Amino acid sequence: MAMLESIVVFTLLLLMLILIIILILFAFKPWRFFSFSLFSFSSRSRSIKVEDVERPLVSDDVNHSQDQSNDLTRNYDLEGACYQSEALLRSPRNKGLVHKQRLPSASPHLAQGDSLVLEISDPSEELLVGQTLKRPLATEHLIEALKLGRPENQNENSIQEFVPKVISDQRSCLSLEVVSGPSRGIRCSVQSTNPSRLPLTLGRVSPSDLLLKDAEVSGKHAMITWNSNKLKWELVDMGSLNGTLLNFQPINHPDSGSRQWGHPMELASGDTITLGTTSNIQVHILSQNECMVPFGVGMISDPMSLRRGGKKLPMEDVCYYQWPLPGIDQFGVFGICDGHGGVEAAKSASKILPEMLATILSDSVIRERVLSQHDASDVLKDAFLRAEASMNNYYEGCTATVLLVWADADENFYAQCANVGDSACLMNVGGKQIKMTEDHKISSYSERLRMEGMGEPLRDGETRLCGLNLARMLGDKFVKQQDSRFSSEPFISEPVHINQTSGAFALLASDGFWDVVTAKKAIQLVAQEREKELMAESEKENLAEKIANVLLNEARTQRTKDNTSIIFLDFDSTSRRISCKVDYP
């Protein structure tokens, strides 16, 4: 009896052990590793050529690609086609090389949001690092992968055309804005296709590209580079003493005293970079489609914080531009708002004015009238009236200078300006100087005449109303209720026709610039920089950006005591550059 009980117990234990083994097998599924090994074993063995490590991953050489077509083992996993946005090239890993390319939907059978994955799986010694993937090679297999989902009347050439187009879309524009700290308000931008401006350095001493007058910032604090393999901007700490934060997370080396560099971190639009503890920098990244402006654009600002004996001067200027206006391909807007009593009114106006212009011009009847009559006076006036009605700033106000630019059928341009306040716009067309704005200070002759016409003239020597030296502005609802002589009605300039060969340019600037630099001096500086550019034999940069920097430096030299913002538009076809649209909220 005892023996029988022992056998039963042993049998139960054996069954339990078998059951446990079965559960473990189902939980971990070890057979999946056998299938992966068999697949990898089927690939041809390749040795790594050290001298080929730096060979480009993607090349345009058609003949070389055909020579390699029999040497690479390829496995295509078609999940579908996806967004027309970017090409993502992953770095080689020990399990193989993955080339993931996002493409515009070419077939109605492929759903948006899917992705097309080209995967070459090789164990460590089987990957030929120097092997270069050629665009025609990728296109050939993409065609075969898409054949089942392609209509019969769609030819293969159409697919061959758009694949290289997406792969070559590598232009990106990086813009940085210092939003807090002693250097608040400083901005700079650089394009990925401009190697002479890269890498972009951030630090306290020259020759840093973004110069921050902050005692907590190291002389050479951080660096931003363009990773052409990943098609991404990357930030790296350069061994700073007080560290670098990305979205408030440290990215510097853990041992800050060692002065060792940190690891590169990818940047995205909207990120916040913190140098030390007070200097926060906002990141704006724009793709190629957003960077297409048909003339040169340079934009720069400086709060001039140290121009009042070291007294901190808050940044109340906001400069912005949009090309094209949303849904309005032929039109763009460029503007400067100079706030007083704070920056909120300037921020509101810089956001509302472009929105109002886009809304008005979305009416095809109004848009066609502007194009046929070459005059946007009614559009600009209506936009200012709507903006004033939409703003709820009772104790803050701002100047507003808006230059509306549109293209005609001959690929030339028209420009027309509207303004309230004392931020001015100057144009030079064919050597002729054109004043596009009117000064609305209380002391100006035109404003005194306007008030006399209202039956409420100013007293002799009176230069302010309710403590303000401006008679026209946006916002300031409280003082407008107290004194009817304040106005938000804009001055509208005559439209100006701009021929590509006229050497035309436009200069918009806040009063911090015009207080210390005359129009004659500004035109002289522009002419000098253009002449230098023509004589220079080195690779040309964005001339408009360079001129904007020269003009700002002149204001610094003349020791301006106010915030200074500049937008320079270069319509000269001989120096035209692709620029970046920047729209600061």
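Keep in mind it's a predicted model, so treat the numbers as computed, not measured.
A pairwise comparison of heavy atoms in Ala415 and Met427 identifies CB-SD, 4.0 Å as the closest pair. Across every non-hydrogen atom of Leu235 and Ala222, the tightest pair is CD1-CB, 3.9 Å.
Judged by distance alone, the side chains of Asn280 and Ser180 do bring a donor and an acceptor atom under 3.5 Å apart. In this model, a donor atom of one side chain and an acceptor atom of the other lie less than 3.5 Å apart for Ser510 and Asp317. Gln416 and Asp375 form a side-chain donor-acceptor contact under 3.5 Å, judged by distance and modelled atom types alone. A donor-acceptor pair shorter than 3.5 Å can be found between the side chains of Ser279 and Asp214. For the residue pair Asp476 / His340, a side-chain donor-acceptor distance below 3.5 Å is found, with atom types taken as modelled.
The pair Glu533-Arg530 fails the salt-bridge criterion, with no side-chain N (NZ, NE, NH1 or NH2) lying under 4.0 Å from an Asp/Glu carboxylate O.
Put simply, the side chain of Arg184 gets close to the backbone of Val179: a donor and an acceptor are under 3.5 Å apart. Between the side chain of Arg204 and the backbone N or O of Val217 there is at least one donor-acceptor pair closer than 3.5 Å. In this structure, Asp511 contributes its side chain and Asp515 its backbone to no donor-acceptor pair below 3.5 Å. Side chain of Gln330 to backbone of Ala407: a donor-acceptor contact under 3.5 angstrom is found. Within the 3.5 Å criterion, the main-chain N or O of Glu316 finds a donor-acceptor partner in the side chain of Asn563. Distance alone, capped at 3.5 Å, places no donor-acceptor pair between the Ser172 side chain and the Ser192 backbone. Between the side chain of Lys477 and the backbone N or O of Glu388 there is at least one donor-acceptor pair closer than 3.5 Å.
Heavy-atom neighbours of Glu494 CD from other residues, nucleotides or ligands within 6.0 Å: at or below the threshold of 12.
A 4.5 Å side-chain heavy-atom check between Thr560 and Asp302 finds every atom pair outside the cut-off. Tyr320 is listed as a side-chain neighbour of Val402, based on a closest heavy-atom distance under 4.5 Å. Looking only at side-chain heavy atoms (C-beta outward), Met315 and Ser565 come within less than 4.5 Å of each other.
Aromatic ring centroids of Phe295 and Phe334 lie under 6.0 Å apart.
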Item to check | Stepwise ring-ring contact (aromatic ring centres under 6.0 Å, His included) check, Phe478 with Tyr395 | outcome: CA-CA 6 Å; Phe478 179 78; Tyr395 303 102; 5.3 Å; yes
